[in-house]
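Working notes for the structure below.
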Amino acid sequence: MKIYFSGSIRGGQQDVEIYHEIIEELKQYGTVLTEHIGTKIKKNNMTDQEIHDRDMNWVIESDVLVAEVSTPSLGVGYEIGRALDMKKPIICLYRSINGKTTSAMIRGCTDLQCFEYATLEEAKKILKNQLTH
Ligand SMILES: O=c1[nH]c(=O)n([C@H]2C[C@H](O)[C@@H](COP(=O)(O)O)O2)cc1CO
């Protein structure tokens, strides 16, 4: 199984350690195409178009998209929207941070599997349920 993990980069990388843990967990279910999201991204020499085209090809190639959506990110929202159009299964995980509520465009979309979690252990259980049943 090929897994596209989606998480905020330019929207803010404050959750990068959580992304890293989720990616490590996901590796037991398949190949994670976007491992780079689990490490702090410093400036690299790719153009924005190269990043976009590479990532869209990975979305096309993936069997499932797993998004951590606690930190709002244009790129993550875009990837979810594109993957929805491609009829990919999509799992969205989010934590409640400072009482902020995740976008209605994500939580209100019935074609997405959205789950709130508080601890990494909870997130791991959700992923196990979703990816093995
Ligand atoms: O350098 C990058 N590399 C990359 O893979 N992305 C993709 C993967 C992430 O799931 C998503 C993050 O979007 P944003 O940068 O708008 O938060 O976009 C985004 C950027 C920068 O926008």
Side-chain angles (χ1 to χ4, degrees):
M1 175 162 59
K2 290 184 185 174
I3 305 168
Y4 189 102
F5 176 78
S6 182
S8 170
I9 296 178
R10 293 191 192 167
Q13 284 201 282
Q14 57 270 33
D15 285 343
V16 70
E17 278 161 30
I18 293 170
Y19 302 160
H20 178 77
E21 293 295 327
I22 293 174
I23 289 166
E24 288 304 305
E25 186 69 11
L26 287 172
K27 284 185 189 171
Q28 68 184 285
Y29 303 111
T31 304
V32 180
L33 302 172
T34 52
E35 258 197 75
H36 64 285
I37 298 175
T39 50
K40 273 243 188 261
I41 309 250
K42 297 176 196 90
K43 223 173 160 34
N44 65 26
N45 45 19
M46 289 176 79
T47 65
D48 284 352
Q49 186 178 348
E50 285 166 346
I51 293 169
H52 173 275
D53 293 352
R54 176 200 62 184
D55 287 8
M56 275 307 106
N57 282 327
W58 278 337
V59 174
I60 291 165
E61 195 184 326
S62 68
D63 300 300
V64 60
L65 185 140
V66 176
E68 213 293 355
V69 297
S70 308
T71 298
S73 149
L74 282 171
V76 172
Y78 173 82
E79 288 165 349
I80 291 170
R82 294 294 305 268
L84 268 171
D85 269 353
M86 296 175 205
K87 311 265 183 256
K88 304 279 180 184
I90 303 171
I91 301 165
C92 293
L93 300 173
Y94 61 91
R95 299 161 353 266
S96 173
I97 304 175
N98 302 329
K100 281 198 181 156
T101 310
T102 303
S103 171
M105 301 312 286
I106 299 299
R107 292 210 312 180
C109 176
T110 53
D111 289 330
L112 302 174
Q113 302 295 319
C114 289
F115 301 94
E116 182 168 358
Y117 72 99
T119 65
L120 266 171
E121 288 317 305
E122 275 175 40
K124 288 177 186 178
K125 272 191 203 146
I126 294 163
L127 292 173
K128 186 174 181 196
N129 274 335
Q130 294 300 307
L131 296 171
T132 60
H133 292 113

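Along the sequence shown, the residues carry numbers beginning at 1. In listed order, ligands and their atoms are each counted from 1.
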key: N/O separation below 3.5 Å, Y4 to ligand 1   = no
task = Only heavy atoms count here, so choose which of I51, D48, L33 is nearest to atom 1 (O) of ligand 1.
result = I51
inquiry  = Please check: side-chain N/O of Y4 versus main-chain N/O of M56, any donor-acceptor pairing under 3.5 Å?
reply    = no
query = For atom 19 (C) of ligand 1, which protein heavy atom lies nearest, and how many Å away is it?
reply = I9 CD1, 3.7 Å
E17, CD atom: more than 12 neighbouring heavy atoms under 6.0 Å = no
message = Suppose the criterion is side chain to side chain donor-acceptor pair (under 3.5 Å): which pairs have a residue in residues 65-77, not counting sequence neighbours?
response = D15-T71, E68-S70, E68-R95, E68-Y117, S70-R95
ask   = How far is atom 21 (C) of ligand 1 from its nearest protein heavy atom, and which residue and atom name does that atom have?
value = R10 NE, 3.3 Å
message = I'd like to check which ligand 1 atoms, numbered from 1 as shown, lie under 4.0 Å from a non-hydrogen atom of I37.
response = 8 (C), 9 (C), 10 (O)
key: Enumerated ligand 1 atoms positioned under 4.0 Å from heavy atoms of S73   = 12 (C), 13 (O), 14 (P), 16 (O), 17 (O)
message = Evaluate G11 for polar contact with ligand 1, using N/O atom pairs at a separation under 3.5 Å.
response = yes
message = Using a plain distance cutoff, I'd like to know if F5 has any nitrogen or oxygen under 3.5 Å from a nitrogen or oxygen of ligand 1.
response = no
inquiry  = So, taking the atom named CG in L65 and the one named CZ in F5, what distance separates them when rounded to the nearest 0.5 Å?
reply    = 9.0 Å
task = Pull out every atom of ligand 1 sitting under 4.0 Å from any heavy atom of G7, numbered as shown with elements.
result = 9 (C), 10 (O), 11 (C), 12 (C)
query = For ligand 1, is any non-hydrogen atom under 4.0 Å from T34's backbone (N, CA, C, O), its side chain (CB onward), both, or neither?
reply = neither
message = What's the separation between atom NZ in K40 and atom NE2 in H20, rounded to the nearest 0.5 Å?
response = 13.5 Å
ask   = Which atoms of ligand 1 sit under 4.0 Å from any heavy atom of S6?
value = 10 (O)
ask   = Is it true that atom CE of M46 has more than 12 heavy atoms of other residues, nucleotides or ligands lying nearer than 6.0 Å?
value = yes
query = Where do E116 and E122 come nearest, in terms of heavy atoms and distance?
reply = O-OE1, 4.4 Å
remark   = F115 meets the ring pair (Phe, Tyr, Trp, His ring centres under 6.0 Å) criterion, sequence neighbours left out, with none
query = What is the closest protein heavy atom to atom 16 (O) of ligand 1, and at what distance does it sit?
reply = G75 N, 2.9 Å
note = The answer for which part of E79 has a heavy atom under 4.0 Å from ligand 1 is side chain
message = Using heavy atoms and a 4.0 Å limit, tell me yes or no: is R54 in contact with ligand 1?
response = yes
inquiry  = Within this structure, what is the CG-CG distance for the pair D111 and L84, rounded to the nearest 0.5 Å?
reply    = 6.0 Å
request  = Heavy-atom contacts with D55 under 4.0 Å: which atoms of ligand 1 show up? List them by number with element.
outcome  = 4 (C), 5 (O), 6 (N), 7 (C), 8 (C)
ask   = Is there a donor-acceptor pair under 3.5 Å between the side chain of K124 and the backbone N or O of E25?
value = no
key: Distance filter under 4.0 Å to S8 heavy atoms, resulting ligand 1 atoms   = 17 (O)
